Amino acid sequence: QISALRLAPVQCATWGHPVSTGLPSIDYFISAGGMEPDDGNTHYSERLVTLPGTGVTMPETVLPKVTATRAELGMPERSPVYVSAQSLFKYMPQYDDLYARIACEVDDAVFVFAEGEIPAWTRTFRKRIETPFRSLGLSPENHIRVLPQRQLEEYFALLRCCDVMLDTLGWSGGQTSYDALAVDLPIVTLPGKMMRGRQTLG
């Protein structure tokens, strides 16, 4: 409600919530040149202003010394492990079959996800993500690990145990992508048409 009010002569929004407000009270949307598509200005009711690169300066990540083994995390030692540790609301149902399709090509692949803040989110996500595996004749138990959310030190220890981070389609990673790069974990991303699906690209 406050954003709909004219409280200052010039009012701006930025990419913490990466979509236009649609409000006439917001004059500018400050975004990142490295994330916006060529037609980015058509996606906003505000006037689009882009800063170079990601438009932000991130402090250097201080990596904790905590380590873990795959066995301690319940993952096989030799299988390729793909992590996708995004908030569960970033996973769009139209892409649920992506992981099962990868498993058809990499038959011992393991996919690691993080539980949601609310147990019902995790139950819903697990049911959705397991369905394509079963429809392709694959056992979800062999491929999917949905792990509890971790403290920062344990989270970085988990990332170090993985081989590849898979970005979410449609709304890509922000801080999680910085975290992966900090531990030299390669990220596979597929840039979308909107800025919110191009953050990791940036």
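Below, each value reflects all heavy atoms present in this structure, side chains not excepted, and no hydrogens, waters or symmetry copies. Note that the coordinates shown come from a computational prediction; the quantities given were computed from them, not determined experimentally.
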| said: Taking atom CD as the centre, does Gln151 end up with more than 12 heavy-atom neighbours from other residues, nucleotides or ligands that are less than 6.0 angstrom away? | reply: no
| task | Could you tell me if the ring centre of Tyr99 sits under 6.0 Å from that of His143? | result | no
| query | So which residues get pulled into Tyr178's cluster when ILVMFWY side chains under 4.5 Å apart are joined, directly or through others? | reply | Trp15, Phe29, Met35, Tyr44, Leu48, Val56, Met58, Met195
Return a table of donor-acceptor pairs under 3.5 angstrom between the side chains of residues 115-127 and protein atoms on other chains or two or more places apart.
unit_1 : atom_1 : unit_2 : atom_2 : d
Thr122 : OG1    : Gly116 : N      : 2.8
Thr124 : OG1    : Ala120 : O      : 3.0

| said: Same cluster or not: Val188 versus Leu201, using hydrophobic residues (I, L, V, M, F, W, Y) connected whenever any side-chain heavy atoms lie under 4.5 Å apart? | reply: no
| Quick one: does Asp96's side chain have a donor or acceptor within less than 3.5 Å of a partner on Ile129's backbone? | no
| Counting distance only, does the side-chain N/O of Ser84 pair as donor-acceptor with the main-chain N or O of Phe113 below 3.5 Å? | no
| request: Work out which heavy atom in Ala71 is nearest to a heavy atom in Glu77; give both atom names and the distance. | output: N-OE2, 3.4 Å
| query | Would a distance-only check, ignoring hydrogens and angles, find a side-chain to backbone donor-acceptor pair under 3.5 Å from Thr176 to Gly173? | reply | no
| query | Any ion pair linking Arg70 and Asp163 (charged N to carboxylate O, less than 4.0 Å)? | reply | yes
| message | Check for me whether the distance between the ring centres of Trp171 and Tyr91 falls short of 6.0 Å. | response | no
| message | Within the 3.5 Å criterion, strictly below it, is a donor on Ser177 or Gln199 matched to an acceptor on the partner's side chain? | response | no
| message | Less than 3.5 Å apart, any donor N or O on the side chain of Gln86 or Thr168 sitting next to an acceptor on the other? | response | no
| request: Could you walk me through whether Ile30 and Leu51 pass the side chain to side chain contact (heavy atoms under 4.5 Å, CB included) test, one step at a time? | output: CA-CA 7 Å; Ile30 302 171; Leu51 299 175; 3.8 Å; yes
| query | Quick one: do Glu105 and Arg101 make a salt bridge, cutoff under 4.0 Å? | reply | no
| request: Answer yes or no: is there a side-chain heavy-atom contact under 4.5 Å between Arg196 and Ser172? | output: no
| Members sharing Val81's hydrophobic cluster (side chains within less than 4.5 Å) | Leu63, Leu73, Met75, Val83, Val110, Val112, Leu147, Leu152, Tyr155, Phe156, Leu158, Leu159, Met165, Leu181, Val183, Leu185, Ile187
| Is the backbone of Thr21 close enough, under 3.5 Å, to the side chain of Glu46 for a donor and an acceptor to pair up by distance? | yes
| field | Presence of salt bridge, Asp38 and Lys193, under 4.0 angstrom | value | no
